[in-house]
Peer 1: 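Submitted below is the structure of interest, expressed as structure tokens.
Letters A, B, ... mirror the listed sequences (proteins, then strands); counts begin at 1. Everything numeric here is computed off the predicted structure, so don't read it as measured data.
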Number of protein chains: 2
Amino acid sequence: MESGYVTLEQVAEHAGVSLATASRVINGSTRQVSQRLRDKVTASARELGYLANASAQTLARNSSSLVGLLVHDISDPYFSSIAAGVTRHTEEQGLVLVLGTTGRSAQQEGRILATLRAHRARAVVLVGSRSTDEESNRRLSEEIRMFRRQGGQVACVSQEGLPADTVTPDNHTGAAELARRLIAQGHREFAILAGPTDLQTARERLDGFHSALSGAGLELAHHNVVHGAFTRDGGYESTRRLMAVGTDATCLFAVNDVMATGAMAALRDLGLRVPADLSVAGFDDIPTLRDLTPALTTVRLPLEEMGERAAMLALDGEPEDRPRVITVRGEVVERESTAPPTR
Amino acid sequence: MESGYVTLEQVAEHAGVSLATASRVINGSTRQVSQRLRDKVTASARELGYLANASAQTLARNSSSLVGLLVHDISDPYFSSIAAGVTRHTEEQGLVLVLGTTGRSAQQEGRILATLRAHRARAVVLVGSRSTDEESNRRLSEEIRMFRRQGGQVACVSQEGLPADTVTPDNHTGAAELARRLIAQGHREFAILAGPTDLQTARERLDGFHSALSGAGLELAHHNVVHGAFTRDGGYESTRRLMAVGTDATCLFAVNDVMATGAMAALRDLGLRVPADLSVAGFDDIPTLRDLTPALTTVRLPLEEMGERAAMLALDGEPEDRPRVITVRGEVVERESTAPPTR
DNA sequence: GGCCCACGGGAAAACTCTTTCCTAGCCTAG
DNA sequence: CTAGGCTAGGAAAGAGTTTTCCCGTGGGCC
């Protein structure tokens with residue numbers, strides 16, 4: 001209790017048993033220990049305030065209780081919602097969650113993955129949409145394979161195509177369904193804040209939306225698709241650019257909610273009313289953003305649940321060779337930010 | 001590269017040097033190693049794909065690169081903003097962040113702290129307002145002292161009074177200043193969503209607001225102070241309760257932004273306009289909530305910076321005996337959610 | 001030329017556990 | 001009554017690093 005650590009050896013000595021016996025009592029191995037010694041050891045451990053050295057255990061067992069979680073930016077509510085799901089599951093299992101934030105840098109992602117490997121992390125959950133850049137995907141795949149070779153499990157959220165289990169939203173279908181609902185509202189001309197060109201998720205949502213328009217015989221004018229950062233400020237800035245050149249659209253689809261938030265702010269700053277002057281729709285249904293006014297029409301994803309299921313894939317299942325993929329359907333939620341066009 | 005791990009011993013053998021030399025080259029100890037051997041070792045390490053076993057290092061050095069971060073709920077934007085600041089600093093330092101979420105349970109908090117101790121974490125940052133419950137504060141203080149005895153540093157955000165360095169907002173002054181500004185706007189009757197009764201932060205903000213009212217010769221009617229959970233839903237529910245009995249207030253102060261968000265939603269559901277029928281003010285200035293309409297009058301806290309500075313306190317400073325306290329002033333930001341009263 | 005010291009290298013101990021292997025004792029079956 | 005098997009306990013061998021301690025060489029100084 002005084003200072004520093006108390007080791008298992010001290011506990012064993014204090015209890016008058018061997019190191020082996022003390023270890024068996026305290027971690028509960030397969031081997032039996034008589035009740036008499038068992039009591040002595042637990043009493044000594046309690047008295048001395050023993051706390052096992054996790055590093056030593058990891059080294060001896062060659063398996064740790066660390067689980068990694070990689071996100072781009074933890075202050076983004078999309079990621080923090082998913083993170084909440086992951087933490088819930090890992091904490092239930094008594095595991096320790098390591099949070100890595102990549103800031104959208106593949107290099108940083110690689111560094112963190114290596115660190116987790118160095119710690120013999122049991123599993124890692126990768127969140128965040130994959131780039132379509134072949135080279136960085138190849139490198140990430142290689143990192144993942146190394147991780148798995150060393151006995152770790154990997155699960156991804158929102159990034160199919162990697163050699164790992166995946167929980168992914170059906171972006172294409174969700175966006176298409178949203179488009180159909182907006183068309184049903186009477187919209188014919190759309191503008192899209194399409195996010196970065198090289199982002200898988202953004203592209204799928206754009207494609208889904210686009211294909212539903214085509215299915216309804218509608219065109220999507222080239223000048224009505226504007227690319228930009230996948231963030232609130234990206235949405236703001238993209239909208240400013242869109243409106244600067246002018247648009248004939250009656251409805252603006254931002255490929256995620258945080259961009260839609262930026263869009264609404266930009267429109268407000270331009271003196272335009274939503275939905276009277278322009279309808280706005282998003283994607284994700286971020287809980288924190290549900291209190292925006294007008295409330296955002298969007299595609300609801302069960303973000304926390306997705307995080308939880310990814311953690312389950314990584315931790316509960318038997319390591320399989322073929323990646324398992326869980327697809328979750330988004331559900332369109334119509335709220336006040338979209339309304340039938342007035343012109 | 002094939003499978004499993006490659007150890008330092010293998011690297012040493014491959015390079016034709018001793019284990020000691022290999023270790024010195026790779027971690028860069030104080031001891032010099034000749035350029036010739038240095039090159040051989042680094043070449044071998046690269047060729048074999050060597051990655052140090054972090055547990056073994058921790059064990060041998062008796063000091064790890066883990067840093068803990070404890071929050072109540074990572075999906076709450078207040079915590080995720082602070083977390084972003086903490087991650088920024090830890091990642092800069094090449095450290096590994098362990099995220100623990102307590103769900104506001106002191107017991108869970110103790111468990112996580114013990115786990116971090118078991119991992120010989122170098123430091124831990126505790127975020128989240130302290131309860132005023134003596135017993136749980138005493139237990140937490142004891143945990144902190146154990147942590148520090150084992151060579152770990154502890155820093156807190158928003159919970160002064162513990163035996164650890166602290167970054168804390170000046171809640172009292174901020175709330176008082178806010179009150180004065182609202183009085184200057186013409187408000188005379190206030191209602192307060194005061195949060196939980198046993199939460200230090202909530203209490204300080206209530207007190208500060210209250211004392212400014214007293215200073216201006218204003219009374220705060222008892223029925224205009226309503227307690228409830230420190231969350232968005234708590235704010236919603238508290239507002240419903242307040243309005244159910246009716247209030248003569250022209251301005252509603254919620255002791256944090258997420259509660260104010262719930263309040264605005266409740267008022268909207270009741271058909272009341274903000275600020276025309278009732279002004280609303282919050283506290284924190286959560287970035288994600290800046291896009292609410294009407295934009296929230298609030299007290300801005302530099303949340304991310306607070307997280308970063310807490311991490312700095314925990315990591316950079318020399319462990320001192322007397323806790324250092326950094327107080328950050330909040331700045332009142334007047335936006336559209338408050339306006340001069342119409343009656 | 002001898003002495004001392006600095007320097008670079010390696011052997012081995014240390015770090016704290018887990019787990020294998022060995023042994024003594026007891027029980028049972030033949 | 002003894003061989004064989006089972007049980008509970010302990011000694012010791014790891015696990016992969018870091019670090020201490022020791023040794024040989026070479027250089028500087030008188």
Side-chain angles (χ1 to χ4, degrees), chain A residues 4-42 44-45 48-66 114-115 117-122 150-151, chain B residues 3-42 44-45 48-66 115 117-122 150-151:
Chain A
Y5 310 103
V6 20
T7 70
L8 188 55
E9 190 173 5
Q10 293 169 31
V11 173
E13 188 177 2
H14 186 273
V17 301
S18 76
L19 189 56
T21 301
S23 169
R24 294 198 260 255
V25 169
I26 287 183
N27 86 3
S29 84
T30 45
R31 286 276 303 265
Q32 288 280 338
V33 175
S34 71
Q35 189 61 42
R36 197 175 53 87
L37 295 191
R38 182 176 293 278
D39 290 347
K40 285 214 281 192
V41 171
T42 47
S44 299
L48 299 179
Y50 173 72
L51 183 65
N53 182 320
S55 306
Q57 289 185 310
T58 300
L59 183 58
R61 299 189 173 132
N62 193 26
S63 118
S64 83
S65 58
L66 259 46
T115 306
R117 214 142 50 77
H119 280 272
R120 270 53 175 160
R122 171 176 310 199
Q150 302 197 347
Chain B
S3 107
Y5 311 103
V6 20
T7 70
L8 189 56
E9 191 173 5
Q10 293 170 31
V11 173
E13 188 177 2
H14 186 274
V17 302
S18 77
L19 188 55
T21 300
S23 170
R24 294 199 261 255
V25 169
I26 287 183
N27 85 3
S29 84
T30 44
R31 285 277 302 263
Q32 290 281 339
V33 175
S34 70
Q35 189 60 43
R36 198 174 52 86
L37 294 193
R38 184 176 291 279
D39 290 347
K40 285 215 280 193
V41 171
T42 47
S44 297
L48 299 179
Y50 172 72
L51 184 64
N53 182 322
S55 306
Q57 290 185 310
T58 300
L59 184 58
R61 298 188 174 134
N62 193 25
S63 120
S64 83
S65 57
L66 260 45
T115 307
R117 214 145 47 77
H119 281 272
R120 272 50 174 162
R122 167 176 313 199
Q150 302 198 346

Peer 1: Tell me whether A/Ser23 contacts the main-chain N or O of A/Leu19 through its side chain, where contact means a donor paired with an acceptor under 3.5 Å.
Peer 2: no
Peer 1: If you find the nucleotide of DNA chain D closest to A/Ser18 and the one closest to B/Gln57, which residue's nucleotide is nearer the 5' end?
Peer 2: A/Ser18
Peer 1: Any base atoms under 4.0 Å from A/Asn53, or only sugar-phosphate, or nothing? Heavy atoms, all strands.
Peer 2: sugar-phosphate
Peer 1: Reckon B/Thr21 has a side-chain N or O less than 4.0 Å from the OP1 or OP2 of C/dG9?
Peer 2: no
Peer 1: What integer distance in Å separates A/Arg31:CZ from C/dC22:C1'?
Peer 2: 11 Å
Peer 1: If you walk 5' to 3' along DNA chain D, what is the first nucleotide with an atom under 4.0 Å of a heavy atom in chain A, and what is the last?
Peer 2: D/dA8 to D/dG16
Peer 1: List the steps and the verdict of side chain to side chain contact (heavy atoms under 4.5 Å, CB included) for B/Asn53 and B/Thr7.
Peer 2: CA-CA 8 Å; B/Asn53 182 322; B/Thr7 70; over 6 Å; no
Peer 1: With nearest nucleotides of DNA chain C determined for B/Ser34 and B/Leu59 from heavy-atom distances, which residue corresponds to the more 5′ nucleotide?
Peer 2: B/Ser34
Peer 1: Please state how far atom CG in A/Leu8 lies from atom P in C/dC15, giving the value in whole angstrom units.
Peer 2: 14 Å
Peer 1: Using a 3.5 Å distance criterion without hydrogens, assess whether the side chain of B/Arg122 forms a donor-acceptor pair with backbone atoms of B/Ser64.
Peer 2: yes
Peer 1: Tell me whether the guanidinium CZ or amine NZ of A/Arg120 lies under 6.0 angstrom from the six-membered ring centre of B/Tyr5 and within 45° of its axis.
Peer 2: yes
Peer 1: Mind calculating the distance between CD (B/Glu9) and P (C/dA12) to the nearest angstrom?
Peer 2: 13 Å
Peer 1: Compute whether any side-chain donor of one residue and acceptor of the other, for A/Asp39 and A/Gln35, lie under 3.5 angstrom apart.
Peer 2: yes
Peer 1: Looking across every strand, which nucleic acid part, if any, lies under 4.0 Å from B/Leu37 by heavy atom: base, sugar-phosphate, or nothing?
Peer 2: sugar-phosphate
Peer 1: Starting at CG of A/Asn27 and ending at C1' of C/dT19, how long is that distance when rounded to a whole Å?
Peer 2: 10 Å
Peer 1: Roughly how many Å is it from CG in A/Leu19 to P in C/dC17, rounded to a whole number?
Peer 2: 8 Å
Peer 1: Determine whether the side chains of B/Thr21 and B/Ser18 contain a donor N or O and an acceptor N or O closer than 3.5 Å.
Peer 2: yes
Peer 1: Checking B/Val6 against B/His14 for the side chain to side chain contact (heavy atoms under 4.5 Å, CB included) test, could you report, in this order, the C-alpha distance in whole Å, the side-chain angles of both residues, the deciding distance, and whether it holds?
Peer 2: CA-CA 11 Å; B/Val6 20; B/His14 186 274; over 6 Å; no
Peer 1: Has the side chain of B/Arg24 got a donor or acceptor that lies under 3.5 Å from a partner of the other kind on the base of C/dG8?
Peer 2: no
Peer 1: Find the distance B/Gln35:CD to C/dC7:P and express it as a whole number of Å.
Peer 2: 17 Å
